[in-house]
Every structure is written in C-alpha cells, then in structure tokens.
Amino acid sequence: MLASHMPKVSLSRSAEVVLEEAKSVRFFSSVEELVEAAVPADQMDDQGYFTVGYDVDGMFRPEAKVCRVKNGVSANYLEEYMRRRDPECMVIADDRATDKMTYKKRFGGEFEDLRQETFDWLKTQDLACFFFDAGRGGKGLPAVAICPANAGFFALGLAMLQGIIPVEEIEAKGDDYFHSAIIYIAPPFRHSHFDGKQVVVHNRRDELHELYSYNLYPGPSAKKGVYGMLLTLGEKNDWTTAHCSTVQVVTPYDNTVTIMHEGASGGGKSEMLEQMHRESDGRLLLGKNTVSGEPRHVTLPLGCSLRPVTDDMALCHPDFQDSTSRERKLTLTDAEHSWFLRVNHITRYGTDPHLERLTIHPDDPLLFLNIDATPGSTALIWEHIEDAPGRPCPNPRLVFPRSKYPGIVNDPVKVDIRSFGVRCPPCTRENPTYGIMGIFHLLPPSLAWLWRLVAPRGHGNPSIVDTQGMSSEGVGSYWPFATGRRVDQANILLHQIMNTPDTMFILTPNQHIGCWETGFAPQWIAREYLSRRGTSEFPSDKVVDSRCPLLGQTLKTLQVEGQTIGHWFLQVQSQPEVGEEAYDEGARILTEFFHEQIRNFLVDDLDAHGRKIIEACLDGAKYSDYVQLSTD
C-alpha cells in the first residue's frame, strides 16, 4: 500500500516502490491544480517563462518553455523535431504477439534493465501523479500517471485529454480500486539512451498495461499511447476504437445525418467538425486551378448546423451495438475528454471565427502547443511558431475540453455515413499522381474495408515528422498506435463493416482534385450535399463506375442548393489539364500501392471472406465484383 500517501489504495508493486522512495509526491485531483503546476510561480524567469529541462550527463538540457497566457497555458518546444509525432516512436517490450518493432530488436537488449533505470530516476524526482480512465463511459481502463513535477504542462495535457479522477473518489474505493494501466514519464532518457529520438515503450503484462514515455510531446504518449492501450483492450473482444471524427449534421430542413470521418493524420477529421471556411463575401472557394490560376466558388447561403460527437477517437464497444435494431449501423461514442486540435490551416484572423471565438475567450484555461504567445498575452491560434525564419511549424495544436464545445453530443450515436479522407497531391498531364479522386466516391462495404487496410497517409501530412512519397498509415489508420498484430485489427474491422451494411460508405479527397487545389472544400461539399439528400440508394442513372475500380462509383452530376458543380470535379479524367492518360497513370500508381499493402494481410489467421476480397483486388476486380463480395 501507499502507506505515506494513500493508505487505503493499492497500486502495482513497481508504482508503489517509486512513490514511496521518490523525493516528493503530489497527487492532483483537478485540471485547475495542474494549470497552476504547469508554470510554478516561484520558478519563472524575469520574463515570465518556466523552462522545463533535465540534467543529462552533467549538462542541463532544456526541453520546453512554458508560460501563462490569458486564455490558458502556452508551451513551446525548443527543438523543431519535438513539435510533432515521430511515426517510429513506438516499441514493444513484452513477448506477446506483435507485428511492431520490439525494444530488443531495435535497441539490442532486454527492456527490464531500462525499466529499472527509469524507476531509479523517478525516485530522485519530485513527482506529480493523478488517476484517470483511459476511454469514457466505464468502457476503458482505470489508469495512473506518474510524471516529474516540473513537466506539469505535459501532465496537464494528459489530464485534459483523458480526464482526471479526484483523489477522494479513489480513496473512497479503497481496496476495491486497482488500475489496469499506468504511464511513467521520464523525459531525459530521450537524450541519455535514445539519441534524442521520441520513444514510447509498451509493456503488456498479464493484468497491467505499462507505458513508458521518454519524451514530452503529448502526441506519442498522452494521446496515441493511451489509444494503443484501448486498441489492446479491444483486441481481446473483437472491437476497436476507431480513428475518426463524428458529427451530427442538422440541415436547414431539420434532417439529421450522422457522419463518421476516418483517415490518416491530416485526413480531415478535425475539419469535418468545422464550418466551411468562407471567403469574405460568404462564398466557399471550391478550388483554384494550379495551371491557370482560375478560382471556382460555390455559394451556400445557409450551411448545416453541426453537433460534434468525436474528434479523433471513437469507442465502438460491443455494449453500444443493438443487434435487435431494424437498421444495422455502427454505434459509437467519444473515447476522450478533450480534443487535440491541429490549427495549421488557420493562418489569419477570420479563417474560422467559431473556433477563434472559443479559444480567445474560453470558459476554462486551454493548453496551447507550438503557438507564438508571450507571458500574459492572449494565445491566438493563427500565430504559429516558426521552425525556421519564414517557415511556420506545420503542427500548431491546442487541447480543448469537449464539455465546453457548443452543441456537443455525449450519448452514443448511430452512424449513417462513414467517410474516409485522403490527402491528395495535384495531378496533371505533365506530373501524373494518385490525385485522381473526385469530390466523393461511393464504396461498397468490401471496398471500404480495403481502404481501411491501406489507409494512405497522403500528400503533405502536417502532423508527423516528414515522410517522402506515398505511404500507409496502416490498418484502420490507427495502426501506428496499435501494439498487436495487423491481421487481428483487419479481422475486427471486417466484421464491423460487414455487420453494418445499412451505413453508407464514401471516399473523399482533400488538398487537391486533379489540377485543382481545394483544401478541405470537397469533404465540406460532400457533407452539405449528403446531409440534405439523405442516405437512400442512388438511382443507377445518377452514378457511374469510376474509371479506377478502387474508387467505386461517382455521381454524373452534383447539384447543391441549385448550383451545379462541374463534372471535372467528379470525374477527374475530364479535366483538360489531366486527361485519360494521366488519370490512368494515377490509377496505376494507386493500384500498385494497394496491391503492395494488402499482400501483407494474406496470412493464415486472416478471415476467409477477407482473403476473398484481397485476392479479388489483386486479380483486378471491377466495381461489380466488390458489390458481390459485400453481399456474399
């Protein structure tokens, strides 16, 4: 027991030893307490900054500068590399089944030695601790965080994202409380053991999921590390935590449609919750031709109302699914208490007045990362720090409590439309690419499953350390955060998709449609159109099979509020700057990439029906084949 701290509560033996022998320990019960701890009043410099850093081999290594601002806490990393997630940060320390890089393979030794070193270092520190539940609604994991006290801003981010349980509630449970997960934070090991790299170690023990965070960027650990814990939990019972945003869209005609939007980082999840970014005259810029410079606008006098449900992580727990319902649709709820919002696309005042208003005058303090703010100022989400002179950081973030988001939906919802977003590069005759997707494409369930196996990371991803060319985020687009085997996640997603045939599946690009630079306008148009239209089946004379079978079907024409959008935004080969030859080359690039990725799933434990779908794709399946595979 924690005799000197919490005599009625038992924790894991390793945690108890660390806390008993630490220099000092403080248990936090609220976010408000952590706001104060993030910038200790007696440790600020003359300008009002608190520098977070650690002694490494006799040298002080600063990690971040933190300050209080009028609307919360602002933290900025001193090293460009630390301002976004390293996609190679995760390693697995245990001997359980995994397709991920193991600690032993990457670093050439057993983790237990470093584990003990971590405990020994934590014992020399003043520690900040708190209790939380990974996941919401009692469907996740009871957990504990142990963090060096001077990294209060990191603890604040974790507590905001995952929630915080008052110590009194834990003490009241006494011997009935035990945690199934724990996070240890030891930042200086990044320098002393990992050559400055972000490393997060998962150690999946019999009844306890240990996570060791050796860096102070919340993305790999406080957010995605906890995500990995939930995915590990779901693997045991054939369910998952989806990587998606979800929104209830209420049309001007009072029709409500629920859209779930999945995709790799940068695939438009946060943007699906945003109102359209309009021009000063109220129009939506649909796109700008990268060859001629010509702009195209759409006028939508009245947009739909948005009621957000999830921003990034959705619990698809079996207890939420109703097998007796006439409609076979997926039901989900948010897995987080706050949202880790990326605002790189907000570059000036007025881009998103709704979010700007919420963040300038919040009801509770917010946490800002990579935002250029000084002590006592108001942090503005369009003022991004620079990685180099004239080069803004591509990953400015803030943590925003979902309870303070207007119109938030807290109850589980049924999904009407399930979309998948892909960042696309420009495609032209001179430079053919996979940027051949129209505003949206209709996918049968079997093809929708394949897209979730491949999950293209896409063009110009702002959220992670740069990668070159086309790459995959991995199965579900949450594979970077999963700890087990990809085939298990593939089977879970297959069962989920095939068991919800009344959900409509679509594919939507962002950034470019052929030669047109579009930003996120395509998914906003798709959202507005489909919410007004509803999810009834499209008549056969209104759709056409896409020239590339992997893109399912597309509409022949699209009309929104009386405005017809040109077919070149639906069928990219019709763009004169692209043409059929460049389109076909883009289709070849996309098809080869698909084949390369889906072959990885042809292993013994793959579901037999999933094997049929993959083999059909490899054999050059047509749209009609995917329809048949969706009904078999």
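All heavy atoms count here, side chains included; hydrogens, waters and symmetry mates do not.
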Hey, does [Y] have a side-chain heavy atom less than 4.5 Å from the side chain of [X]?
| X | Y | answer |
| --- | --- | --- |
| R397 | Y217 | yes |
| P218 | L369 | yes |
| N71 | F368 | yes |
| Q573 | I436 | no |
| I164 | E33 | no |
| F569 | I525 | no |
| L306 | R527 | yes |
| R402 | N410 | yes |

Test: R342 and D311 ion pair at under 4.0 Å: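 Not counted as a salt bridge, because no side-chain N and carboxylate O are separated by less than 4.0 Å.
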
Salt bridge present between E262 and R452 (N-O < 4.0 angstrom): yes

For the residue pair [X] and [Y], confirm or rule out a side-chain donor-acceptor distance under 3.5 Å.
| X | Y | value |
| --- | --- | --- |
| H277 | T351 | no |
| K329 | T258 | no |
| E271 | N510 | no |

Could you measure the distance from the [atom1] atom of [X] to the [atom2] atom of [Y]? Nearest 0.5 Å is fine.
| X | Y | atom1 | atom2 | result |
| --- | --- | --- | --- | --- |
| T331 | D319 | OG1 | CG | 11.5 Å |
| Y623 | H441 | OH | NE2 | 12.5 Å |
| M160 | H337 | CE | NE2 | 12.0 Å |

Looking at V257 and S531, what are the two nearest heavy atoms and their distance?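 In terms of heavy atoms, the two residues are closest at CG2-O, 3.8 Å.
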
Nearest non-hydrogen partners of L330 and T503, listed with the distance: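 Result for this residue pair: N-OG1, 3.9 Å.
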
Check whether [X] reaches the backbone of [Y] with its side chain - one donor and one acceptor, N or O, closer than 3.5 Å.
| X | Y | value |
| --- | --- | --- |
| R423 | G266 | yes |
| N289 | W516 | no |
| H361 | L358 | no |

E294 atom CD: more than 12 heavy-atom contacts under 6.0 Å: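 Check passes, neighbour count above 12.
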
Compute both the distance and the angle, then confirm whether R533 meets the cation-pi test with F538: under 6.0 Å from the six-membered ring centre, within 45 degrees of the axis. yes

With sequence neighbours left out, which residue pairs that include part of residues 289-315 fulfil the ring pair (Phe, Tyr, Trp, His ring centres under 6.0 Å) condition? none

What pairs meet the ring pair (Phe, Tyr, Trp, His ring centres under 6.0 Å) rule with one or both residues in residues 401-424, with sequence neighbours excluded?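 Passing the test, one end in residues 401-424: W339-Y405, H354-Y405, F400-Y405.
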
For F481 together with H243, are the ring centres under 6.0 Å from each other? yes

